[in-house]
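Scroll down for the structure; my scribbles are underneath it.
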Amino acid sequence: KAGVTQTPRYLIKTRGQQVTLSCSPISGHRSVSWYQQTPGQGLQFLFEYFSETQRNKGNFPGRFSGRQFSNSRSEMNVSTLELGDSALYLCASKMETYEQYFGPGTRLTVT
Amino acid sequence: LAKTTQPISMDSYEGQEVNITCSHNNIATNDYITWHQQFPSQGPRFIIQGYKTKVTNEVASLFIPADRKSSTLSLPRVSLSDTAVYYCLDTGGFKTIFGAGTRLFVKA
């Protein structure tokens with residue numbers, strides 16, 4: 001069974017630009033969560049989608065948004081990028097149990 | 001805010017058994033206790049999960065006392081490749097909160 005995939009793996013953007021990251025969950029998993037990981041703040045929860053609906057949201061500004069498609073694939077968008085948005089962005093998928101499977105992450109660098 | 005508390009770092013030597021303890025002071029009745037392992041620049045990897053008592057798999061053992069306010073991850077005979085950050089979590093509901101994790105450094 002294929003794992004969680006994320007594209008792109010690496011990305012460099014400049015301040016003020018916007019970016020879209022993609023996540024394909026494990027087949028059959030309907031829940032997709034997004035996390036931001038930085039050296040200073042650790043792993044922080046962004047939001048979770050289930051059956052195309054956002055079920056929960058972390059404490060991030062509105063510049064961070066996401067969506068989920070009918071095939072459970074999810075995208076995360078960050079608008080008006082700031083230097084502090086440089087991070088590893090991880091998505092994780094799961095079925096109804098609590099065992100989450102993480103993807104390899106997208107390394108975003110904002111210059 | 002993280003719901004769990006664990007040591008920031010631990011050192012060990014190859015071949016030793018390592019026990020990492022976590023406090024789950026606010027665990028909900030329906031929450032499970034889950035441990036993940038993370039290597040640099042990779043996503044966390046699920047290690048083990050339990051509700052109470054003891055769970056063992058091919059990688060680790062998890063000990064959870066009756067009050068469920070703590071858990072202990074036991075890694076038998078660690079090797080250099082077990083050097084990583086280990087996270088304990090209360091998992092349930094829709095939001096999974098990661099703490100700072102425990103950085104385990106295995107020395108030769």
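The structure displayed is predicted, hence computed values, not measured ones. In the text below, chain A, chain B and the rest are named by the order of the sequence lines, each starting its count at 1.
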Item to complete: Side chain from CB out, backbone as N, CA, C, O: work out which of these in L90(A) comes under 4.5 Å of a heavy atom of chain B, or both, or neither.
Response: side chain
Worksheet item: Any luck finding a side-chain donor-acceptor pair between Q41(A) and T38(A) under 3.5 Å?
Response: no
Worksheet item: Do F45(A) and F47(A) make the cut of ring centroids closer than 6.0 angstrom?
Response: no
Worksheet item: Can you list every ring pair (Phe, Tyr, Trp, His ring centres under 6.0 Å) pair that touches residues 58-77 of chain A, not counting sequence neighbours?
Response: F60(A)-F64(A)
Discussion item. Taking ring pair (Phe, Tyr, Trp, His ring centres under 6.0 Å) as the cut-off, I'd like each qualifying pair that reaches into residues 57-92 of chain B, sequence neighbours left out, listed once.
Written reply: Y87(B)-F98(B)
Worksheet item: Any ion pair linking D85(A) and R63(A) (charged N to carboxylate O, less than 4.0 Å)?
Response: yes
Worksheet item: Quick one: does Q68(A)'s side chain have a donor or acceptor within less than 3.5 Å of a partner on R30(A)'s backbone?
Response: yes
Discussion item. Report, in residue-number order, which members of residues 101-111 of chain A are under 4.5 Å from chain B by heavy-atom distance.
Written reply: F102(A), G103(A), P104(A), R107(A)
Practice prompt. Any side chain to side chain donor-acceptor pair (under 3.5 Å) involving residues 57-69 of chain B? Give me the pairs, sequence neighbours left out, ordered by first then second residue.
Written response: T56(B)-S61(B)
Fill in: Heavy-atom proximity to chain B below 4.5 Å, by part of Q44(A)
neither
